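If you're wondering where the values come from, they're calculated on a predicted model, not measured in any experiment. These values consider heavy atoms only, across backbone and side chains, with no hydrogens, waters or symmetry-generated copies.
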Amino acid sequence: MSVQPMQDAGAQQRAKTPFRPLTQVEMEKIAPTRDERLFLVLSIFIGVLSGLLVVSFRIAIEWIKILTLGSAPHAGQLRLLFVPALAGLFVAALVQLVFPGARGSGVNQTKAALYIYNGYISFKTVIGKFITAALAIGCGHSLGPEDPSLQIGAGVASMVARRLNLSRQRLRLFAPIGAAAGLAAAFNAPISAILFVIEEVIGQWSAAVLGSIVLSAISSVVVARWFWGSEPIFRIPPITLRDPRELIAYAVLGVVGGFAALVFSKALGYLRPRLRAMPHWTHYCQSGIAGLLVGSIGFFGFAQVMGPGYEVIDQAMHGQFAWKLLLALALLKILATTLSFSSGTPGGMFAPTLFIGAMLGASVGSFEKLFFPHLTGTIGAYALVGMGVLFAGFLRAPLTSVFMVLEVSGNYSIILPVILANMIAYVLSRGLQPVPIFEVFTHQDGLDLPSMEEAREELELHLEDALHPVHVPVVHGRQTIAEATQIVFAAGAAAFLVSLWDGSWYAMTADDLAAANATSTPDTPVERILPPERVPILFPDMPLDTALHYFPRWPVLPIMNRASKGTLEGVVTQDDVLHRYQEY
Amino acid sequence: MAVLQLRSALTPEERQQRQKLILRDSLALLSLFAIAILLFFVTLFLFHSFSVHRQELAKRWLLRGENAMRANKPLVAIDALRSALAYAPDDENLEIELAEALAAAGRTEEAIAYFNTLLESRPGNGMINLQLARLAAKQGEEATVIDHYQAALDGTWEGDGYVRRREVRLELAQYLIGRKRFDAARTQLLIASGNAPDDVHIEIQVAGLLEEAQDYANALRIYKKALQHRPAQLTALEGASRTAYALNRFVQAKTYLERTLNHPDFEKQPTAVQAKFRDLLSDTDHILLLYPGSQLSVRARAERTLANRKTAQERLAACLKNKQAVPPELQELAADWQHLPASLRLLQVEQNPDLEQRIMQLVYKTEQGTSQLCGAATGDDALLLKIAQASEAIEQP
């Protein structure tokens, strides 16, 4: 009776103490499945929040465009000259003084957050990206909203994960989840967004994160489509492959796209580091000058290159321009985007890439239609394939480029031209410009992030690569210590394997056997002297590094056959594994 | 059990921490939910205001585009309609209007590319096919023009498909007339006429085109039909006059020409037009004075026959006189005249209708032969030649 009040008092006192953040160890102990459960729920929240933010971001861009450039900017309007210039000055000041993290497209920043800062993206960066990118793009800089959306999504994910005090490992995984959500909402195409994040941000397929990426991407697209509808950003005309000879034209498009990607990459690779290397004060006016030059292009006749240009892509897909104009627009867009992006103005490369690709594609399509009217399909099909071509050649995301076209068109009959053209552009671009553009940017920024292209193509070593035939003695568990000693010493082996009645194995050193000889009678079966633990069950197809952490305990590891329990495929030792890595 | 065991493994303080953690997580999720709701409404407000503004902009630019087209400023219209389309991308009519503006601005290549793309999404659209036909006509691709016109005729039209198809057919006929493909044009016009409602303006339009296609008989038939409407249209009267005259139906032509000249609106016509119809009436009167019609007395017919004989013989004589080497056709004509009695009295002709017939046939043959070999006929010769072209039609009702 006397204890009870004391317990109550203690409980009340504890209850009054403020909540202190728990350590990860404490968290693991009191709620071991918390992170895993929250992970999936939060993926949906991240998707919804990212979707809403990206919709607002796009509306903000459109409003800014209408308020500053007017509802229909066209050549000859003076405001085309000064609006992008003034916006550039203002945005540059914001980036330099208030939001330094908002500079650039957003893809590399998200990768940096993932690989360097444990998935940390600050709230300030998210706000800064939203404001500065919306201003720059809305005021006519030749940049797109997708990459900033990707970073905004990643930022939202990072904030949510931090708020929930998730483990560092989980925190790091949230950045790509948010990135996929942001990109999916911006592009209204979840599969492409997921693939892009896997291809370009994570670099490898990871089952641990894939489910959450899919959940968040789908959630964000559902939200975005609630507002924008299920149609892609541009209307897709009917697409058919009418004549197999058309593939020649698509191959030509692949070649043209490959060279255009090369020109675009080289231009950015040349100008961007030079502008960055200029005195710091010039960074305040570089965006303004870039805006003035881009505005001049618009003022003197090609207002279409200003802004992301989705409506122009739509017009090109619907055959509203002649092939010469389309070609001119593609070239001028390369120039305008190089100026805008190299000046450090926040904004993405996706939309300009799609724009250039669509113009080149439509140009090739229109040219074919003009000179071979019975051979070609729709101009829209060429424009769509052109977008994929530039995506593959410039952004170097071949898988995403194929699926993007398929997802956007909803038509699988176009797969052959897409694969053909994209692969030609990819191979050509890769041959002529070995380093992908995002990697070029990271090097220019002084970062050393993993190369996703290399990561995708890296061959993983497996146990079968270090496997050797069983060269150590094998003793049956029922054999006596004396018999085992005779076998092992006859073979002169430092270690041997013990085969047990239930199909399991034990690895023992000669020293262990000698010790057993000293403590047990010679007629004792070997299985009696063994501790209960057994060697881990390993199979030839498992990654080679799986074996590494077992070697401190086991001198040799038996590798089993998956089809026949207890049957050995071979053995590996620590030396075998290390030797294989050295060879690799 | 496992849950209980887990719980029992925690100290009271850890259990309390766990409860607080659950509470904190719940609150965090709740706050996330609240933020999502709040953000949703903010986004919805922004989106709604933006959508409304887009619709207003689409209407405004469409109006400007249409006004520019009406003011014959297609370049201005292109910019305006493109802007309208950017704010209302799914408006099909707007797309067609833009393509029309492109065509009107002479940007044929762009217009064709655009219309072709539109056609791919709406393959049976009559309006798009019509526009493509017009553009192909500008580029002189006759087969393509006819294909597109045909597709337009077979295609779908919104609302007034019946009227639009007839207009397309008339336009196709006009194109065929321009290309001198009168038979094909005539076929289209007869179909149009068969399907046309009882409307005087349409009848006059079809008849006019038939006249251009040199199908004077059908043109006259339709003009007559148009003249059944009261008050009689001057255009119909003029057309009936011209076609009756062209068909050598001079009795009818005289009636229509007199009605034309007496029509109250005739004086409002340009002087050249008035003079032309007066000349036609004058010629018609002369022809009817030359022609030995069945309504005339036997004597009057014989007098006209002999007078025409004299005119034709003089024409032949003059023609022979100018030729050093007489062509066989003229020799044959001269021989034919020699087979007739050299001097004929009025009574002989009156009493012998076959002779009268033979003389008139020889007169017609002479005028036709001499006009081919000795230059264009003038005066009574020209009128006799005109009669010769279809003498049997002169008195047709």
**Q** Do A:F321 and B:Y114 have side chains that get closer than 4.5 Å, going by heavy atoms?
**A** no
**Q** For A:V41, is it the side chain, the backbone, both or neither that has a heavy atom under 4.5 Å from a heavy atom of chain B?
**A** side chain
**Q** Pick whichever of A:V160, A:I379, A:I66 has the most heavy-atom pairs under 4.5 Å with chain B.
**A** A:I66
**Q** CD1/A:I44 to CG/B:L32 distance, rounded to the nearest 0.5 angstrom?
**A** 12.5 Å
**Q** For B:S51, is it the side chain, the backbone, both or neither that has a heavy atom under 4.5 Å from a heavy atom of chain A?
**A** neither
**Q** Less than 4.5 Å to any heavy atom of chain A: does that hold for the side chain of B:R82, its backbone, both, or neither?
**A** both
**Q** For A:I59 and B:F50, work out which heavy atoms get closest and say how close.
**A** CG2-CB, 3.9 Å
**Q** Is A:S71 close to chain B through its backbone or its side chain, or both, or neither, when contacts mean heavy atoms under 4.5 Å?
**A** both
**Q** Which atom names give the shortest non-hydrogen contact between B:R24 and A:R163, and what distance separates them?
**A** NH2-O, 3.6 Å
**Q** Only pairs of heavy atoms separated by less than 4.5 Å count here; which of A:V48, A:D314, A:V312, A:L38 has the most with chain B?
**A** A:L38
**Q** Does any heavy atom of chain A fall under 4.5 Å from the side chain of B:Q19, the backbone, both, or neither of them?
**A** neither
**Q** How close do A:W63 and B:L46 get, counting heavy atoms only, and between which atoms?
**A** NE1-O, 4.1 Å
**Q** Identify the heavy atoms of B:A36 and A:L52 that sit nearest to each other, and give their distance.
**A** O-CD1, 3.4 Å
**Q** Taking the six-membered ring for Trp, are A:W226 and B:F40 closer than 6.0 Å centroid to centroid?
**A** yes
**Q** With a 4.5 angstrom heavy-atom cut-off, is it the side chain or the backbone of B:L85 that approaches chain A, or both, or neither?
**A** side chain
**Q** For chain A, which of B:L102, B:L29, B:N116 has the most heavy-atom pairs under 4.5 Å?
**A** B:L29
**Q** The criterion is salt bridge (Lys or Arg N to Asp or Glu O under 4.0 Å); which residues satisfy it with B:R64, sequence neighbours excluded?
**A** none
**Q** Given side chains that start at C-beta, do those of A:F45 and B:I35 come closer than 4.5 Å, heavy atoms only?
**A** no
**Q** With a 4.5 angstrom heavy-atom cut-off, is it the side chain or the backbone of B:H53 that approaches chain A, or both, or neither?
**A** side chain
**Q** Heavy-atom distance under 4.5 Å to chain A: side chain of B:I22, backbone, both or neither?
**A** neither
**Q** Count the heavy-atom pairs under 4.5 Å between each of A:M317, A:E62, A:E311, A:H74 and chain B, then report the option with the highest count.
**A** A:E62
**Q** Looking only at heavy atoms, what is the nearest atom pair of B:Y87 and A:A72, with distance?
**A** OH-N, 4.4 Å
**Q** First locate atom OG of A:S56, then atom CG of B:L44, and finally report the distance between them rounded to the nearest 0.5 Å.
**A** 10.0 Å
